[in-house]
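See below for the structure under consideration.
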2 protein chains.
Amino acid sequence: MNKFHEIFLDLEQKILANEYPPQSLLPSENQLIKIYGVSRETVRKALNLLTNAGYIQKKQGKGSFVLDFKRFDFPLSGLTSFKELQQTQAITNETIVTTLKKATVSPTVQKLTSWDKSAEVWELVRQRRIDGEVVILDKDFLLTDIVAELPIEKAEDSIYEYFENELNLEIAYAKKEIEVEPVTKEMKDLMDLRPEDSHVIAVKSLVFLEDTRCFEYTESYHRLDKFRFVEFARRRKV
Amino acid sequence: MNKFHEIFLDLEQKILANEYPPQSLLPSENQLIKIYGVSRETVRKALNLLTNAGYIQKKQGKGSFVLDFKRFDFPLSGLTSFKELQQTQAITNETIVTTLKKATVSPTVQKLTSWDKSAEVWELVRQRRIDGEVVILDKDFLLTDIVAELPIEKAEDSIYEYFENELNLEIAYAKKEIEVEPVTKEMKDLMDLRPEDSHVIAVKSLVFLEDTRCFEYTESYHRLDKFRFVEFARRRKV
DNA sequence: TAGTGGTCTAGACCACTAT
DNA sequence: TAGTGGTCTAGACCACTAG
């Protein structure tokens with residue numbers, strides 16, 4: 001593994017273990033050079049990862065302050081998926097696959113993805129039950145050209161884990177969009193909505209591989225009272 | 001200005017001007033070294049900025065592909081504020097300040113911010129009218145220790161511009177949270193809600209300076225049908 | 001094999017913060 | 001003034017992609 005990534009993981013672990021508590025300063029870059037036996041640029045790459053992840057804040061002439069990350073308790077930014085969420089949260093939950101079939105791409109999805117009109121896709125619908133209630137409904141469309149097989153056991157687990165570890169797909173980036181949509185019949189049927197629920201949160205994503213091909217389009221519907229999105233953002237001068 | 005930032009801006013401009021169209025390759029790092037007369041690490045820093053902003057995707061052995069950013073039409077990630085949004089969108093809009101006063105910090109806000117219990121804050125409430133309707137309501141709490149004066153003209157414009165350009169505050173990062181909340185009487189009074197609107201989207205933010213002090217807490221309420229949040233996210237190995 | 005990006009080094013100069 | 005982080009360089013070696 002990369003040196004700078006190793007150093008990042010080591011510092012991250014030490015921060016989480018309170019070896020470097022909030023408000024304290026990390027060792028200076030010169031000290032870190034000696035501690036890890038690497039060059040300054042390598043140390044700085046590790047510190048950049050910590051900065052972007054919201055662990056530290058650097059100040060010229062002073063040093064790297066450890067931030068109070070406990071306030072950032074639900075980091076859902078980046079490309080995190082439902083399966084990974086479960087692990088950080090301690091929720092009792094269950095996934096039920098209600099649809100898993102090959103189909104031709106619908107005009108709506110074709111437009112969004114720019115896939116070939118004749119493209120074949122996996123159509124996957126999953127209920128996400130948390131604490132006994134179906135509060136999330138996931139709809140996935142996946143190019144069969146790229147994902148040839150999609151066993152139902154994998155769909156019940158994490159499809160991303162399957163893609164990355166078994167199919168060796170390199171997922172690179174995604175465009176996400178959060179909106180509010182009126183409840184449809186399908187949602188009424190498949191989700192445990194309350195009488196007063198007239199709307200759901202819709203999280204729509206286009207997911208791309210490292211070679212810039214879009215291989216997945218996802219719509220994730222969340223019951224209003226169960227939706228929460230937390231993000232750590234750095235100021236970007238415009 | 002930094003060389004790598006200059007190079008980033010130049011490449012960004014050329015991408016936006018279609019000089020480097022989507023799907024095409026940027027000049028290789030070695031070529032960029034010659035073009036800009038800088039070292040490789042400097043070129044790579046510029047390319048990293050482009051990568052994080054979603055302009056390009058690099059591939060070892062191949063090069064830097066320009067992405068089709070037009071699909072990412074509403075980049076609201078980072079710390080963008082309402083005023084900056086207006087400029088990218090062409091919306092007719094108006095800001096009306098309904099409250100601007102000094103007050104002691106409320107227990108709720110005190111808890112979230114960890115401000116001193118005796119702290120004094122600016123309490124600012126603003127209606128955001130878009131195309132004739134008040135669809136956003138912004139509530140701001142600002143430490144008077146840090147923001148001593150808050151003229152109403154500034155509040156009607158962009159408080160961030162005022163903070164950064166006139167008070168020389170260095171805004172560094174923020175924690176944002178998106179949730180759904182039931183409509184309150186205040187929202188009914190100050191927003192143009194429809195009879196069926198029982199909920200609003202609440203975007204709550206803690207905003208921090210470069211010295212890690214939290215100086216602002218904001219709640220921004222959006223009418224459901226007018227809310228949209230778009231994000232470009234890179235895959236983060238867990 | 002030649003060209004690409006990914007990592008790493010050792011050293012330099014600068015700007016900022018403290019004392 | 002000494003120590004910090006911010007920028008930049010010139011060069012090295014490696015891994016990947018292509019013809």
Side-chain angles (χ1 to χ4, degrees), chain A residues 1-11 20 23-52 55-67 168-173 209-213 234-237, chain B residues 1-11 20 23-52 55-67 168-173 209-213 234-237:
Chain A
M1 194 36 104
N2 311 331
K3 290 190 186 178
F4 74 88
H5 197 247
E6 293 287 355
I7 296 171
F8 162 73
L9 291 175
D10 189 63
L11 289 173
Y20 300 128
Q23 313 303 330
S24 72
L25 284 170
L26 286 190
S28 73
E29 295 183 354
N30 273 320
Q31 288 172 303
L32 291 172
I33 287 169
K34 286 168 196 153
I35 292 173
Y36 293 104
V38 296
S39 72
R40 180 139 176 249
E41 288 292 348
T42 303
V43 163
R44 287 176 59 77
K45 275 179 193 167
L47 294 180
N48 274 340
L49 292 181
L50 290 171
T51 303
N52 292 333
Y55 284 113
I56 63 169
Q57 174 68 25
K58 299 173 90 177
K59 183 74 190 175
Q60 199 172 20
K62 286 189 155 176
S64 302
F65 288 93
V66 178
L67 298 181
N168 292 314
L169 295 179
E170 299 231 44
I171 298 167
Y173 58 93
L209 300 176
E210 213 168 14
D211 59 10
T212 76
R213 282 182 299 172
R234 295 213 159 258
R235 177 67 168 167
R236 200 178 51 188
K237 302 291 191 306
Chain B
M1 195 33 102
N2 312 331
K3 290 189 187 179
F4 74 88
H5 196 248
E6 293 286 355
I7 296 171
F8 162 74
L9 290 177
D10 189 61
L11 290 173
Y20 300 128
Q23 314 302 333
S24 71
L25 284 169
L26 286 189
S28 76
E29 295 184 352
N30 273 321
Q31 288 173 303
L32 291 172
I33 287 169
K34 287 168 196 154
I35 293 173
Y36 293 104
V38 296
S39 74
R40 179 137 175 250
E41 288 292 349
T42 303
V43 163
R44 287 176 59 77
K45 275 180 192 165
L47 294 180
N48 275 339
L49 292 181
L50 290 171
T51 303
N52 292 332
Y55 285 112
I56 62 170
Q57 175 67 26
K58 298 172 91 177
K59 183 76 190 172
Q60 198 171 20
K62 287 189 153 177
S64 302
F65 288 93
V66 178
L67 298 181
N168 292 314
L169 296 179
E170 299 231 45
I171 298 166
Y173 57 94
L209 300 175
E210 213 167 17
D211 58 10
T212 76
R213 283 181 298 173
R234 295 215 158 257
R235 176 68 168 166
R236 201 178 49 188
K237 301 291 189 307

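Letters go in sequence order (proteins before strands), and every chain restarts at 1. Predicted model only: the values in this text are computed from it and were never measured. These values consider heavy atoms only, across backbone and side chains, with no hydrogens, waters or symmetry-generated copies.
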Residue pair B/L11 / B/Y36, side-chain heavy-atom distance below 4.5 Å: yes
Minimum side-chain heavy-atom gap A/L50-A/L26 below 4.5 Å: yes
Partners passing ring-ring contact (aromatic ring centres under 6.0 Å, His included) against B/Y20 (at least two apart in sequence or in another chain): none
Euclidean distance, A/I56 CD1 relative to A/L47 CG, rounded to 0.5 Å: 4.5 Å
CZ on B/F8 to OG1 on B/T51, rounded to 0.5 Å: 10.0 Å
Separation of C/dT17 P from A/L25 CG (nearest whole Å): 14 Å
d(CD, A/Q57; C1', D/dT4) in whole Å: 15 Å
Separation of atom CD in A/E29 from atom P in D/dT7, rounded to whole Å: 11 Å
Main-chain N/O of A/F4 paired to A/N2 side chain as donor or acceptor, under 3.5 Å: no
4.5 Å side-chain heavy-atom contact, A/I7 and A/V38: yes
Spacing of CZ belonging to A/R234 relative to CG belonging to B/N52, to within rounding of 0.5 Å: 12.5 Å
Distance in angstrom units between B/F4 CZ and D/dG6 P, rounded: 10 Å
A/S28 vs D/dT4: side-chain N/O to OP1/OP2 distance below 4.0 Å: yes
For atom OH of A/Y36 and atom P of C/dC8, their distance in whole Å: 14 Å
B/N48 CG to D/dT7 P, straight-line distance once rounded to whole Å: 13 Å
Where protein sits on nucleotides 9-18 of chain D, one letter per nucleotide: B base, S sugar-phosphate only, - none, heavy atoms under 4.0 Å: BB-B--BBSS
Intra- and inter-strand pairs of DNA chain C in dot-bracket (Watson-Crick or G-U wobble, both distances under 3.5 Å; | for another strand): ||||||||||||||||||.
Flag side-chain contact, heavy atom, 4.5 Å: B/R44 against B/K58: yes
d(CG, B/L32; C1', C/dG5) in whole Å: 12 Å
Length of the line joining B/F8:CZ and D/dT7:C1', which is rounded to integer Å: 17 Å
